[in-house]
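Below is one structure, written out as structure tokens; the observations come after it.
Both ligands and their constituent atoms are indexed starting at 1 by order of listing.
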Amino acid sequence: MANKMWGGRFANSPDKIMEIINSSIHFDIRLALQDIQGSIAHAKMLGEVSIITKKESEKIITGLNEIRKEIENGNFKTSVELEDIHMNIESRLNELIGDLSGKLHTGRSRNDQVATDIKLYLREKINYITELINTYQKTLSLNALKYYDTIMPGFTHLQSAQPITFGHHLLAYVELAERDKGRFTDCLQRLDECPLGAAALAGTSYPIDRFMTASILGFKKPMANSLDAVSSRDLLLETLSVIAITAINLSRFAEELVLWSSTEFNYIKLSDKYTSGSSIMPQKRNPDAAELVRAKSGRTIGSLITLFTVLKGLPLAYSKDMQEDKEALFDSIDTIEISLLALIGMVGDMKPNIEKMQSASKEGFSIATDIADMLVIKIGIPFREAHNIVGKMVALAEKNNTYLDKLDPKEIITIDKRIPNDIMSLITIDNMVLNKTSYGGTSPHEVLKRANEWVERLS
Ligand code: ARG
């Protein structure tokens with residue numbers, strides 16, 4: 001039998017293979033509630049402007065609400081022959097209210113319908129992701145508040161550079177996440193125009209009220225060009241880009257959790273809840289969740305590339321190619337959600353090894369830059385010259401296999417006689433961190449202030 005939704009000109013039913021390649025119900029089922037929402041708005045408008053009677057409109061809406069309940073209760077049955085979510089719902093409506101269901105599709109097409117569904121879905125998801133980022137930031141900030149003066153090594157080139165505080169390090173990710181959140185918020189602004197009523201591509205001759213449907217669905221206004229409304233997927237590209245950027249940012253933190261929790265670093269302990277053992281090596285406690293956050297970021301880039309490639313060179317207006325936008329979008333959304341949830345869990349449960357961080361802060365001649373700064377302050381030489389002197393001190397310490405603060409003052413003086421002999425007593429790891437009071441610097445005083453600000457702002 002030919003398709004009952006559009007089978008008029010078809011004598012034969014589609015081949016099985018055609019059905020498989022063409023159907024999208026196994027993934028666009030995710031848009032079921034948004035599709036109902038869009039259809040209710042459309043039916044309401046059709047009644048208000050008397051394209052159908054108020055009574056018909058009400059009957060259609062009652063039927064749609066019944067289907068909504070079926071979807072919510074998991075009782076909604078779908079079939080591949082009906083291709084996609086739009087036709088599955090319309091067909092069910094037909095079963096419930098009979099031929100009147102055929103009036104719902106007046107003045108609209110699946111093309112504006114699907115574009116509207118996606119936008120409704122995106123809006124919900126972006127709001128949810130933004131909430132998750134907020135929770136992630138809050139969890140980081142609370143830890144920053146707790147460990148605002150916990151000293152740890154700061155790295156450049158993954159080599160011990162200068163000591164910092166753990167709180168400062170965590171707050172770096174809070175700042176980064178804030179920009180991610182801002183990018184999602186930007187997406188929402190451009191998302192705020194409704195495609196519904198663009199119909200197949202040209203608009204419609206029915207006296208529909210697109211401003212009404214836009215407003216019912218919570219959009220600021222309808223999209224101004226019917227071709228653009230049904231054929232553009234740039235907002236998906238934008239959201240996928242923002243998701244990819246966020247995922248990459250998360251993957252950097254995940255990598256640090258992997259490093260920090262290794263036996264070699266031993267800066268933190270991740271809880272049992274987010275680690276796993278090895279089936280062969282009994283001693284292992286693997287940071288699987290962090291590794292997966294790191295790895296899954298790749299999927300988000302994959303999805304972005306998928307959609308870029310689908311859209312490249314597509315003429316206006318709708319082409320079936322666009323059906324391929326959804327799996328990429330859904331996968332990216334799932335990925336960013338689970339990554340954020342996993343990080344929230346890991347950060348909430350992790351325990352820093354304060355002694356190890358503190359002692360590691362002395363490694364790698366991390367006080368060298370501060371000695372140079374002290375020479376500038378105490379004997380008034382240019383920084384470049386001080387840098388050179390301390391470089392020689394490092395070479396000496398390396399030769400003697402010792403730390404800078406264990407160097408013999410008599411030997412130090414041979415490098416440059418202007419070096420004050422109490423220089424080392426002036427510099428301690430604690431002081432080095434304490435005196436980084438420049439705006440945005442790592443001094444505990446600064447970090448405490450920032451952490452408090454963030455906790456307040458995020459709650
Ligand atoms: N399932 C389709 C999609 O996701 C809906 C639009 C179909 N439109 C059409 N003209 N065949 O893109």
Going by the order shown, which atoms of ligand 1 are within less than 4.0 Å of some heavy atom of [X]?
X      : result
Val114 : 4 (O)
Lys326 : 3 (C), 4 (O), 12 (O)
Ser24  : 1 (N)

(request) Please name all residues satisfying side-chain hydrogen bond (donor to acceptor under 3.5 Å, both in side chains) with Arg183, sequence neighbours left out, ordered by chain then number. (result) Asp180
(message) Distance to the ring centre below 6.0 angstrom and angle to the axis at most 45 degrees; does that hold for Arg92 and Phe76?
(response)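 No, Arg92 does not sit over the ring of Phe76.
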(message) For His42 and Gln113, which I'm curious about, is there any donor-acceptor pair between the side chains at under 3.5 Å?
(response) no
(request) Scan side-chain atoms only and decide if Ser39 and Arg108 contain a donor-acceptor pair under the 3.5 Å cut-off. (result)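 Present: a donor and an acceptor within the cut-off.
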(request) With heavy atoms under 4.0 Å as the rule, classify the contact between Gln113 and ligand 1 as side chain, backbone, both or neither. (result) neither
(request) For ligand 1, indicate whether the residue Glu83 contacts it via side chain, backbone, both or neither (heavy-atom separation under 4.0 Å). (result) neither
Report the nearest protein non-hydrogen atom to [atom]: residue, atom name, distance rounded to 0.1 Å.
atom                    : result
atom 2 (C) of ligand 1  : Gln323 OE1, 3.2 Å
atom 3 (C) of ligand 1  : Tyr318 OH, 3.2 Å
atom 10 (N) of ligand 1 : Asn111 OD1, 3.1 Å
atom 11 (N) of ligand 1 : Arg110 NH2, 3.5 Å

(message) Please confirm whether His86 approaches ligand 1 to less than 4.0 Å, judged on its heavy atoms.
(response) yes
(request) Quick one: list whatever passes salt bridge (Lys or Arg N to Asp or Glu O under 4.0 Å) with Glu337, sequence neighbours left out. (result)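 Glu337 satisfies salt bridge (Lys or Arg N to Asp or Glu O under 4.0 Å) with Lys125 only.
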(message) Using the side-chain hydrogen bond (donor to acceptor under 3.5 Å, both in side chains) definition, which of the options Arg30, Lys326, Gln37 pairs with Tyr121?
(response) Arg30
(request) Would you indicate which of Asp117, Leu201, Asp84 comes nearest to atom 5 (C) of ligand 1 when only heavy atoms are counted? (result)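 Shortest heavy-atom distance from atom 5 (C) of ligand 1: Asp84.
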(message) Any side-chain to backbone donor/acceptor pair from Asp331 onto Glu327? Under 3.5 Å, distance only.
(response)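 No; judged by distance alone, with no hydrogens or angles, the pair does not exist.
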(message) Show the nearest heavy-atom pair for residues Phe265 and Leu158, with the distance to one decimal.
(response) CZ-CD1, 4.3 Å
